[in-house]
Amino acid sequence: MTEKNGVQRNFMTLQFSAKSENESFARVTVAAFISQLDPTMEELSDLKTVISEAVTNSIIHGYDGNPEGIVTITAEIVGDTVTITVEDRGEGIEDLDLARQPLYTSKPELERSGMGFTIMENFMDEFEVSSEPGSGTSIRMKKRIESKKALYN
């Protein structure tokens with residue numbers, strides 16, 4: 001860990017092939033990184049869920065199942081706050097406002113629920129998505145962790 005203006009800071013970067021079997025790898029890796037903040041089980045579960053949603057979106061929508069694509073996750077801890085970014089260089093999103101609507105899915109044939117963005121937004125303190133058709137999508141999420149240590153002191 002390094003310090004930034006007297007605040008503890010740590011970061012990680014993870015890249016992997018856009019294969020569905022790597023979704024659980026990403027979820028567990030980010031959860032292990034975040035565990036240094038001693039999150040509650042609910043916080044850890046929420047964070048694992050948003051990672052799963054974001055990575056699955058990259059694989060299914062960004063790369064349309066093409067395993068040659070690369071998903072990149074960066075996570076940074078500053079003090080008691082974690083910032084997670086999940087990026088792909090896939091197809092991008094044509095209509096971001098439409099894609100963010102609950103229950104909307106561009107792949108109804110896959111029986112997708114269309115709740116990914118809604119779940120991510122509700123589980124995190126901050127949520128931003130940017131996308132450019134043909135250039136990919138970036139999801140940036142931020143959450144303050146209420147350490148279990150603080151709950152018992």
Side-chain angles (χ1 to χ4, degrees), residues 1-5 7-16 18 20-63 69-107 110 112-133 135-152:
M1 271 202 190
T2 59
E3 284 198 23
K4 185 177 182 181
N5 300 327
V7 177
Q8 292 287 334
R9 177 182 179 271
N10 197 3
F11 67 94
M12 62 156 268
T13 301
L14 178 66
Q15 287 189 321
F16 51 90
S20 60
E21 55 263 40
N22 286 335
E23 178 267 327
S24 61
F25 165 69
R27 182 180 64 236
V28 169
T29 302
V30 175
F33 177 73
I34 293 166
S35 68
Q36 64 194 282
L37 290 176
D38 199 20
T40 64
M41 289 304 291
E42 182 179 352
E43 288 170 330
L44 198 54
S45 177
D46 288 354
L47 289 162
K48 288 165 74 174
T49 298
V50 300
I51 294 300
S52 291
E53 291 292 339
V55 168
T56 299
N57 279 353
S58 288
I59 293 168
I60 291 175
H61 299 289
Y63 291 117
I70 296 173
V71 179
T72 302
I73 299 176
T74 57
E76 179 182 39
I77 294 171
V78 177
D80 61 357
T81 302
V82 62
T83 303
I84 302 165
T85 305
V86 178
E87 297 177 293
D88 66 63
R89 296 289 162 232
E91 295 179 13
I93 300 169
E94 194 73 39
D95 186 340
L96 198 50
D97 290 333
L98 179 61
R100 290 187 69 169
Q101 294 297 314
L103 303 178
Y104 172 80
T105 180
S106 62
K107 302 225 183 252
L110 297 179
R112 307 296 301 163
S113 71
M115 293 299 290
F117 285 147
T118 302
I119 290 168
M120 289 182 264
E121 192 166 14
N122 285 319
F123 283 8
M124 302 300 282
D125 297 331
E126 293 179 27
F127 174 81
E128 298 171 13
V129 59
S130 58
S131 189
E132 192 66 40
S135 297
T137 301
S138 177
I139 298 172
R140 184 180 163 279
M141 304 170 281
K142 199 174 209 178
K143 185 168 186 75
R144 182 173 174 269
I145 301 298
E146 299 283 341
S147 171
K148 287 188 286 190
K149 293 175 189 169
L151 294 175
Y152 299 116

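The basis for the numbers below is simple: all heavy atoms, side chains too, and nothing from hydrogens, waters or symmetry mates.
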Legend entry - D125 bridged to K142 by N-O distance under 4.0 Å: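 No, this pair does not count.
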
Inset, instruction - For the pair M120 and V129, evaluate side chain to side chain contact (heavy atoms under 4.5 Å, CB included) and give the outcome as yes or no after the intermediate values. - result: CA-CA 10 Å; M120 289 182 264; V129 59; over 6 Å; no

For [X] and [Y], work out which heavy atoms get closest and say how close.
X    : Y    : result
S131 : G136 : OG-O, 3.1 Å
S138 : T85  : OG-CG2, 3.6 Å
F127 : M141 : CD1-CG, 3.7 Å
P133 : I93  : CG-O, 3.6 Å
L37  : G79  : CD2-O, 3.4 Å
V55  : A26  : CG2-CB, 4.0 Å

Check: [Y] main-chain N/O paired with [X] side-chain donor or acceptor under 3.5 Å:
X   : Y    : result
D88 : T137 : yes
E43 : E146 : yes
Y63 : S58  : no
S45 : M41  : no
Q36 : F33  : yes
T81 : K143 : no

Inset, instruction - Using the test side chain to side chain donor-acceptor pair (under 3.5 Å), find all partners of N122 that sit at least two apart in sequence or belong to another chain. - result: none

Inset, instruction - Can you establish whether the number of heavy atoms outside E21 located under 6.0 Å from its atom CD is more than 12? - result: yes

At what distance, to the nearest 0.5 angstrom, does [atom1] of [X] lie from [atom2] of [Y]?
X    : Y    : atom1 : atom2 : answer
E132 : E94  : CD    : CD    : 9.5 Å
L44  : D38  : CG    : CG    : 10.0 Å
E126 : E128 : CD    : CD    : 6.5 Å
I51  : D46  : CD1   : CG    : 12.0 Å
F11  : I77  : CZ    : CD1   : 11.5 Å
I139 : E121 : CD1   : CD    : 11.0 Å

Inset, instruction - Check step by step if side chain to side chain contact (heavy atoms under 4.5 Å, CB included) holds for N22 and V71. - result: CA-CA 10 Å; N22 286 335; V71 179; over 6 Å; no

Inset, instruction - Would you kindly say whether T83 and E76 are connected by a side-chain donor-acceptor distance under 3.5 Å? - result: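 Note: T83 and E76 side chains miss the donor-acceptor criterion.
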
Inset, instruction - Would you check if L47 and F123 make a side-chain contact, meaning some heavy-atom pair closer than 4.5 Å? - result: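 No, their side chains stay 4.5 Å or more apart.
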
Legend entry - Identified side-chain contact (heavy atoms from CB on, under 4.5 Å) counterpart of M12 within the set T29, I34, I84: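 Of T29, I34, I84, side-chain contact (heavy atoms from CB on, under 4.5 Å) with M12 is met by T29 alone.
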
